[in-house]
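Here the structure is laid out as structure tokens; the discussion comes afterwards.
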Amino acid sequence: MKTLVRTLSIFLLLFLISARPKDEFLRLESLDHGEFHFPIVQSEKPPVAYKINTHLQLSELELLKGSEEEHLFEVVSNKEGGIYGKKVAIDFKVWQNSSRALSLSLAQSSCGMTCAYWTSYYNFNPQNGDRYFLQDFFSKAHYEKFKEELSERRIAFLQKRSQALKDPHRKQLLAYLEPYLKEDRLRDFYIGEDSLYFDWRNLLHKHDKFLDMNHVVGVAKTEVAALLNDFGQAALLDGRNLKDYQAPSAPQVYQGEIGGQYPFVWLQRKMYDQSWEAIYAYLKYGRGIYLRGSENGSENDFWFDEKLGMAEHGGKVIFRMEAGQMRGYWYDENRSDSLLFVAQRL
């Protein structure tokens, strides 16, 4: 009997090993709680896993793992107020997990006075933990050329796929979606083994998101190979020296200290014109603090205001960003004091 159990155990182990994707580069676990399923990354290089996990958790959960009181989703699942209220579900899918890219999507929903549904896409450099953005793979001119050609392809695909819809619904859909596709910033994409895939579901009006219509368009990597810069060639095709490339677009993870004694992690991204948003968390508490701000006279100088609640304001942060470093001050107007604010890109 013991021999049989041992034999079955060995067989099961071999089956699990053989069933694991051969090109899986990073280890991913699912952290589950009710309708929430969230990826936790593990790597032989702890700094890589730390950057990716920090980016995902700060962006989507506003809480760092290890700081939760009950579960990792307690902040976003308990938010009250606003038309869309709190998150009620997250599920993720991994599209590629290779030495060139970790590509995944998070299908999410939130409910308050009404419900919202969307998908967040994340693509990372598995060699150093940076987040990929499509524009970084091209020169400016080649990126504009690619965007124009992709826009034409997506609109043609939309017109063909929408033929099954009845008018006036089809005309209404085309009227608002075609301009959206022309202006799309192409954040909603994932990287497959042989192709790039672009999803327009987030551009659809709420009720149109449930249409039985394909909203993903693929572009073979071979089609864009001649347009790619060296970074794009490495990330999408050959992986050459990939660990040495630093992605230039935001958000990326910064870590620093306030007043020399309060360590924190930080993400910021441009919204429109000169407006920015950011979220940061003190490592001691691990809970995200949201900020809104703008460029302060130049593209390297910033100011941000903490937004602690619907009508509650916190401190201010003013800093200069240069060569992957932030340096400035955090201050509280009510107390009229300031603390040195410094951070370094990870």
Test log, rule ring pair (Phe, Tyr, Trp, His ring centres under 6.0 Å), inputs His71 and Phe36 | CA-CA 10 Å; His71 56 82; Phe36 293 90; 7.3 Å; no

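- Under 3.5 Å, the side chains of Gln252 and Gln246 contain no donor-acceptor pair of N or O atoms.
- The shortest distance between side-chain heavy atoms of Leu158 and Met213 falls below 4.5 Å.
- Checking side-chain atoms of Gln96 against main-chain N and O of Gly192 turns up a donor-acceptor pair under 3.5 Å.
- Judged by distance alone, with hydrogens and angles left aside, the side-chain atoms of Asn128 form a donor-acceptor pair with the main-chain N or O of Lys243 at under 3.5 Å.
- Within a 6.0 Å radius of CD in Glu44, no more than 12 heavy atoms belonging to other residues, nucleotides or ligands are found.
- Between the side chains of Lys65 and Gln57, not a single donor N or O lies within less than 3.5 Å of an accepting N or O.
- For the pair Leu267/His55, a side-chain contact is recorded, criterion being any heavy-atom separation below 4.5 Å from C-beta on.
- The side-chain contact (heavy atoms from CB on, under 4.5 Å) test with Val88 is passed by exactly one of Ser110, Cys111, Cys115: Cys111.
- Between Ile191 and Trp95, every side-chain heavy-atom pair lies at or beyond the 4.5 Å cut-off.
- Few gaps surround OH on Tyr282; more than 12 heavy atoms of other groups in view lie less than 6.0 Å from it.
- Formation of a donor-acceptor pair under 3.5 Å by the Asn97 side chain with backbone atoms of Glu24 is not found in this model.
- Across every non-hydrogen atom of Ser294 and Trp303, the tightest pair is OG-NE1, 2.9 Å.
- Gln127 contributes a side-chain N or O that, together with a main-chain N or O of Ser99, makes up a donor-acceptor pair within less than 3.5 Å.
- You'll find the side chain of Trp200 reaches within 4.5 Å of the side chain of Leu177, heavy atoms only.
- Atom OH of Tyr290 sits in a crowded spot, with more than 12 heavy atoms from other residues, nucleotides or ligands closer than 6.0 Å.
- Residues Glu193 and Arg100 meet the side-chain proximity criterion, which asks for heavy atoms closer than 4.5 Å.
- In the hydrophobic cluster analysis, where Ile, Leu, Val, Met, Phe, Trp and Tyr join through side-chain heavy atoms closer than 4.5 angstrom, Val41 is grouped together with Leu72.
- With a 6.0 Å radius and a threshold of 12 heavy atoms from other residues, nucleotides or ligands, Arg170 has its CZ atom above the threshold.
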Report the C-alpha separation of Ser298 and Asn300 in whole Å, then their side-chain angles, then the decisive distance to 0.1 Å, and conclude whether the side-chain hydrogen bond (donor to acceptor under 3.5 Å, both in side chains) test is met.
-> CA-CA 5 Å; Ser298 78; Asn300 294 324; 5.2 Å; no

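- For the 3.5 Å distance criterion, the side chains of Thr114 and Lys206 qualify, holding a donor opposite an acceptor.
- Between the side chain of Lys87 and the backbone N or O of Val75, no donor-acceptor pair lies under 3.5 Å.
- Across every non-hydrogen atom of Leu58 and Gly288, the tightest pair is CD1-CA, 4.3 Å.
- Of the candidates Phe146, Tyr143, Phe189, Phe231, Phe137 forms a ring pair (Phe, Tyr, Trp, His ring centres under 6.0 Å) with just one, namely Phe231.
- The closest side-chain donor-acceptor pair between Asn125 and Tyr245, if any, does not fall under 3.5 angstrom.
- Phe210 and Tyr117 have perpendicular rings, their planes meeting at more than 60° on a 0 to 90° scale where under 30° would count as parallel.
- You'll find the ring centres of Tyr84 and Trp118 outside the 6.0 Å limit.
- Contact of the Asp184 side chain with the Phe198 side chain is not registered, since no non-hydrogen atoms from C-beta on lie closer than 4.5 Å.
- Annotation: Glu148, atom CD; neighbour count of heavy atoms from other residues, nucleotides and ligands within 6.0 Å does not exceed 12.
- Annotation: Glu35, atom CD; neighbour count of heavy atoms from other residues, nucleotides and ligands within 6.0 Å does not exceed 12.
- Ion pairing between Arg153 and Glu223 holds under the 4.0 Å rule for side-chain N and carboxylate O.
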Using the side chain to side chain contact (heavy atoms under 4.5 Å, CB included) rule, take Gln255 and Phe264 through it: C-alpha gap first, then chi angles, then the decisive distance, then the call.
-> CA-CA 6 Å; Gln255 184 163 308; Phe264 66 90; over 6 Å; no

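- Judged by distance alone, with hydrogens and angles left aside, the side-chain atoms of Asp91 form no donor-acceptor pair with the main-chain N or O of Ala107 at under 3.5 Å.
- Side-chain N or O atoms of Ser77 include one that pairs as donor or acceptor with a backbone N or O of Phe73 at under 3.5 Å.
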After noting the C-alpha distance and the side-chain angles of Trp266 and Phe341, does the key distance pass the ring pair (Phe, Tyr, Trp, His ring centres under 6.0 Å) rule?
-> CA-CA 12 Å; Trp266 174 285; Phe341 173 96; 5.4 Å; yes

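- Remark: the backbone N or O of Thr119 is paired with a side-chain donor or acceptor of Asn202 at under 3.5 angstrom.
- Gln233 places a side-chain N or O within donor-acceptor distance of the main-chain N or O of Ala225, the cut-off being under 3.5 Å.
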Is there a ring pair (Phe, Tyr, Trp, His ring centres under 6.0 Å) between Tyr254 and Tyr280 once you walk through the steps?
-> CA-CA 9 Å; Tyr254 283 74; Tyr280 81 112; over 10 Å; no

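- Residues Trp276 and Glu295 have side chains in contact (heavy-atom distance under 4.5 Å, counting atoms from C-beta outward).
- Side-chain polar atoms of Tyr176 and Asp208 form a donor-acceptor pair below 3.5 angstrom.
- Of the candidates Lys270, Arg269, Arg292, Arg269 is the only one forming a side-chain hydrogen bond (donor to acceptor under 3.5 Å, both in side chains) with Glu277.
- Leu56 has its side chain within reach of Phe38: a pair of non-hydrogen atoms, C-beta onward, lies under 4.5 Å apart.
- In summary, Glu178 and Lys182 do not engage in a salt bridge, as defined by a charged side-chain N under 4.0 Å from a carboxylate O.
- Applying the 6.0 Å contact sphere to CG of Asp167 captures more than 12 heavy atoms from other residues, nucleotides or ligands.
- Below 30°, between 30° and 60°, or above 60°: for Tyr197 and Tyr190 the angle between ring planes is below 30°, a parallel geometry.
- In terms of modelled atom types and a separation under 3.5 Å, the side chain of Asp199 and the main chain of Arg201 share a donor-acceptor contact.
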